[in-house]
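When a residue number appears, it is its place in the shown sequence, counting from 1.
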Amino acid sequence: MTTTTLLLLLLSVIVACGVVFFQYFYKAKNQSNVTWLLAFLRFIAVFGLLVLLINPILSRKTFETIKTPLPIVVDNSSSIADLKASETALSLYKTLTSNSALREKFDIQSYRFDADFQASDAFDFKGKQTNVEEVAKNGNSINKNATFPTVVITDGNQTTGNDYVYRFQANNKVYPLVVGDTTTFMDLKVSQLNVNKYAFHKNKFPVEVFLNYSGTKPITASFKIAQGNSILNTQSVSFSATKKSAVISVLLPADRVGLQIFKASVTSNQTEKNSYNNTKNFAVEVIDQKTNVAIVSAMNHPDIGALKRAIETNAQRKVTIVKPNEIKSLADYNVLILYQPTADFKSVFENNKISGVNTFIITGTNTDYGFLNQQQAQFVFKMSGQKEDYTADFNSQFNLFALDNLGFETLPPLQNAFGTITANANVSVLLSSKIRNIATDAPLLAFTENQGKRTAFLFGENSWKWRLQSHVDTKSYEKYDLFVDKTIQFLASTDTKKSLVVNHESFYNSGDAIVITAQFFNKNYEFDEKARLTLSVTNKKTKLNKKYDFLKTNNSFKVNLDGLSAGQYTFSVKELNTNTVYNGYFEILDFDIEKQFVNPDFKKLQQVASQTQGQVYLPNQISTLIEKLIADDHYKAVEKAIVKKTPLVDWIWLLILIVAALTAEWFIRKYHGLL
């Protein structure tokens with residue numbers, strides 16, 4: 001409390017006494033007990049009011065010691081247990097967290113990570129994936145603007161995420177504590193296998209296999225690919241101290257339709273510490289039908305190349321680019337893409353009235369809209385010769401097929417003629433158009449279905465920029481290509497619309513996210529948000545049954561089946577209000593990515609330590625690490641002064657006291673006839 005405040009309080013006492021003396025004692029004839037009581041109440045009221053105006057503040061200064069954070073992060077993935085290092089990791093963690101000198105100097109923080117990162121001091125080493133990058137990303141965000149060391153107890157073997165070597169901040173030292181036997185063992189490994197999910201009946205499909213060898217002696221290994229008891233391919237592969245890897249490319253026949261399971265394996269006459277990583281199962285679904293897509297165009301444009309690439313990312317699709325006067329038989333194609341049709345397309349439209357091939361019409365600045373008005377009845381075009389840029393607005397209520405918004409609103413605008421587009425038929429709009437963020441109430445991408453024939457319309461050219469922008473945003477063309485693939489899939493399908501549509505894969509790898517999506521439509525084929533969907537899944541071998549409830553997303557229902565073991569499963573999706581049922585099948589292939597390692601990744605952890613000016617330690621060097629952390633002068637506690645200011649009195653209670661004093665004074669004066 002300042003001197004000024006004290007003087008004001010003293011002055012308040014004098015003023016309150018002066019007021020009381022003038023009112024009750026100055027020229028008073030008698031001074032009874034009642035007078036003294038009234039004087040006291042008046043003093044309380046006046047003095048309280050003055051204190052309320054002064055509002056005296058008490059300041060209290062305290063000191064807080066802020067220690068440097070020391071995150072101790074433990075790898076909780078199952079590879080630690082597979083390397084028989086779980087007890088070692090727990091022992092190292094307890095040694096670090098219980099050290100009194102470390103606790104005195106640092107603010108010790110305990111975390112664990114596998115695929116995710118979380119604060120915890122309990123570890124079960126059952127994580128199915130390892131993402132060391134999460135340690136760098138979360139450590140930096142939790143302790144922002146701080147310089148601190150990080151101790152990571154791990155084997156350094158990462159199975160998901162980006163390369164973690166350069167993800168740690170250079171000014172924050174990282175001290176990896178490497179667990180697992182660093183002794184090099186002889187090991188053969190199928191490290192990677194590349195194969196398409198689909199193949200076509202009576203064709204051959206490629207399989208690319210990467211083999212790795214860890215050892216110093218020259219050996220000859222036997223590689224084979226088998227299906228059941230049948231050996232489809234076998235060959236010898238030589239390794240040595242200088243030749244540590246081999247790439248094998250094989251063409252396998254797709255003789256049988258359906259889901260086909262294969263096993264690639266590499267063996268030798270040497271005994272290995274880990275033989276689990278010698279084999280890898282893979283599956284291919286052989287289909288007997290291929291979608292042939294014709295892009296019909298009288299001009300050259302980047303859109304055509306972008307569409308061809310996007311469509312052919314799905315091995316089930318084949319794209320042929322033809323000119324309108326060169327196309328011979330429409331019966332050879334399942335989908336026609338008519339790019340900026342003009343009068344040259346007259347024969348194509350006339351022949352398609354007989355063939356009934358589903359069509360994707362794309363317009364642009366070179367489109368003949370008068371001709372297009374004559375050839376189709378779904379839309380009426382009243383267009384000018386002026387060009388305009390149209391941006392997209394995604395319709396989350398679109399329900400013809402499930403599609404997530406890939407950020408259409410931020411994609412570059414499409415160019416088309418300026419004018420009005422009016423729908424004559426029942427149209428499902430996926431994207432509506434805007435001009436400089438002003439809605440036009442016109443479609444940009446729309447779909448129609450009439451008597452079994454499906455048509456899609458895209459009103460604008462330069463969609464190749466969408467594919468490019470999608471790659472810039474996500475470092476991959478996958479989202480855009482999936483959008484195009486679903487559009488083509490809708491057009492290629494001739495099935496009548498079902499009320500319950502379920503999307504799932506035929507096979508999954510163990511550890512993969514197993515997600516099944518579904519849509520349910522009412523009698524008007526509108527997406528029913530009130531549908532109640534359940535899923536019952538049964539293991540064909542063990543007959544174990546589990547039930548799940550679907551959760552609603554924007555325009556579909558979704559269920560996650562993570563945790564199922566490898567095996568064959570049948571499942572049933574049921575809508576409880578209408579008892580509509582969909583039956584399906586999938587298989588989970590036996591593959592545990594965390595069992596692929598026989599040694600910790602010592603070299604990569606050394607790189608991390610070098611990048612951050614830290615140091616790698618082995619379990620028997622834990623005392624050295626502790627001594628180094630304690631002796632490091634870069635990490636000193638900071639004493640911070642904290643000034644807390646609190647009012648001398650609570651103004652609410654003081655106000656109540658003033659009112660009570662004045663009220664009591666009034667009643668007493670009234671009672672004694674002094675008013």
Residues T474 and S476: side-chain donor-acceptor under 3.5 angstrom: no
Nearest-0.5 Å distance, CD of residue Q568 to OG1 of residue T542: 11.5 Å
Nearest non-hydrogen partners of R112 and A122, listed with the distance: NH1-O, 2.8 Å
Reported NZ-to-CZ distance for the pair K280 and F282, which is rounded to 0.5 angstrom: 11.0 Å
For F371, the option from F381, F345, F349 that meets ring pair (Phe, Tyr, Trp, His ring centres under 6.0 Å): F349
Shortest non-hydrogen contact between S565 and I588, atoms and distance: O-CD1, 3.6 Å
Beyond-backbone contact of V502 with F571, side-chain heavy atoms, under 4.5 angstrom: yes
For Y390 against A417, the heavy-atom pair lying closest together: OH-O, 3.3 Å
Close side-chain approach of F418 to S384, heavy-atom, < 4.5 Å: yes
Pair D124-N76, side chain to side chain donor-acceptor pair (under 3.5 Å): steps then yes or no: CA-CA 7 Å; D124 56 13; N76 194 54; 2.9 Å; yes
Sidechain-backbone polar pair: N503 side chain, T517 backbone, donor-acceptor under 3.5 Å: no
Under 3.5 Å: donor-acceptor pair, side chain of N196, backbone of Y198: no
Heavy atoms of other groups near N203 CG, more than 12 under 6.0 Å: yes
F168 versus Y164, closest heavy-atom pair with distance: CD1-O, 3.5 Å
Ring geometry between Y508 and F586 (parallel below 30°, tilted from 30 to 60°, perpendicular above 60°): perpendicular
Exam field: side chain N405 to backbone F408, donor-acceptor pair closer than 3.5 Å: yes
Trace of the side chain to side chain donor-acceptor pair (under 3.5 Å) decision for T365 with N416: CA-CA 5 Å; T365 56; N416 199 21; over 6 Å; no
F113 side chain reached by Q118 side chain, heavy atoms, under 4.5 Å: no
Main-chain N/O of F394 paired with E409 side-chain donor or acceptor, under 3.5 Å: yes
Nearest-0.5 Å distance that lies between atom CG in N140 and atom NZ in K144: 10.5 Å
Y569 ring center near Y585 ring center (under 6.0 Å): no
Matching residue for F557 among Y582, Y548, F527, F550 - test: ring pair (Phe, Tyr, Trp, His ring centres under 6.0 Å): F527
Other residues, nucleotides, ligands: >12 heavy atoms within 6.0 Å of E478 CD: no
Pairwise side-chain contact, N325 with S347, heavy-atom cut-off 4.5 Å (strictly under): no
Donor-acceptor under 3.5 Å (E575 side chain, V581 main chain): no
Test: K137 and E134 ion pair at under 4.0 Å: yes
Heavy atoms from other residues, nucleotides or ligands near NZ of K479 exceed 12 (cutoff 6.0 Å): no
Beyond-backbone contact of L458 with T487, side-chain heavy atoms, under 4.5 angstrom: no
Q376 (side chain) donor-acceptor with V380 (main chain) under 3.5 angstrom: no
N-O pairing of R317 and E312 below 4.0 Å: no
Donor-acceptor side-chain pairing of S536 and S572 below 3.5 angstrom: no
F262/F205 aromatic ring centres below 6.0 Å: yes
From CA spacing to verdict: side chain to side chain donor-acceptor pair (under 3.5 Å), T160, Q129: CA-CA 6 Å; T160 186; Q129 297 272 12; 4.9 Å; no
Pair T534-D549, side chain to side chain donor-acceptor pair (under 3.5 Å): steps then yes or no: CA-CA 5 Å; T534 63; D549 290 324; 5.3 Å; no
Distance (rounded to the nearest 0.5 Å) between K475 NZ and S470 OG: 11.5 Å
Side chain N358, main chain L491, donor-acceptor under 3.5 Å: yes
Pairs touching residues 379-392 that satisfy salt bridge (Lys or Arg N to Asp or Glu O under 4.0 Å), sequence neighbours left out: E388-R436
Which pairs would a plain distance check flag for residues 419-432, meaning a side-chain donor or acceptor within less than 3.5 Å of a matching protein atom at least two apart in sequence or in another chain?
unit_1	atom_1	unit_2	atom_2	d
N424	ND2	A377	O	3.4
S432	OG	D393	O	3.4

K318 atom NZ, over 12 foreign heavy atoms within 6.0 Å: no
Lys NZ or Arg CZ of R467 over Y477 ring: under 6.0 Å, within 45°: yes
Sub-6.0 Å ring centroid separation between Y480 and H471: no
V357 backbone acceptor or donor facing T359 side chain under 3.5 Å: yes
Nearest-0.5 Å distance that lies between atom OG1 in T342 and atom CE in M299: 10.0 Å
Over-ring placement of R454 relative to F447, 6.0 Å and 45° cut-offs: no
Polar contact flag, side-chain donor to acceptor under 3.5 angstrom, S556-Q519: no
Whether D303 side chain and N462 backbone form a donor-acceptor pair below 3.5 Å: yes
Side-chain donor-acceptor contact under 3.5 Å, N555 with S396: no
Within-4.5 Å side-chain heavy-atom neighbours: K453 and T448: no
Backbone N/O of W466 and side chain of S463: donor-acceptor pair under 3.5 Å: no
Residues, nucleotides or ligands: over 12 heavy atoms within 6.0 Å of K486 NZ: yes
pair L338-I362: side-chain heavy atoms closer than 4.5 Å: no
pair L576-N579: side-chain heavy atoms closer than 4.5 Å: no
Parallel, tilted or perpendicular, as decided by the 30° and 60° cut-offs, for the rings of F457 and F379: perpendicular
CG-CD distance between L414 and E461, expressed to the nearest 0.5 angstrom: 8.5 Å
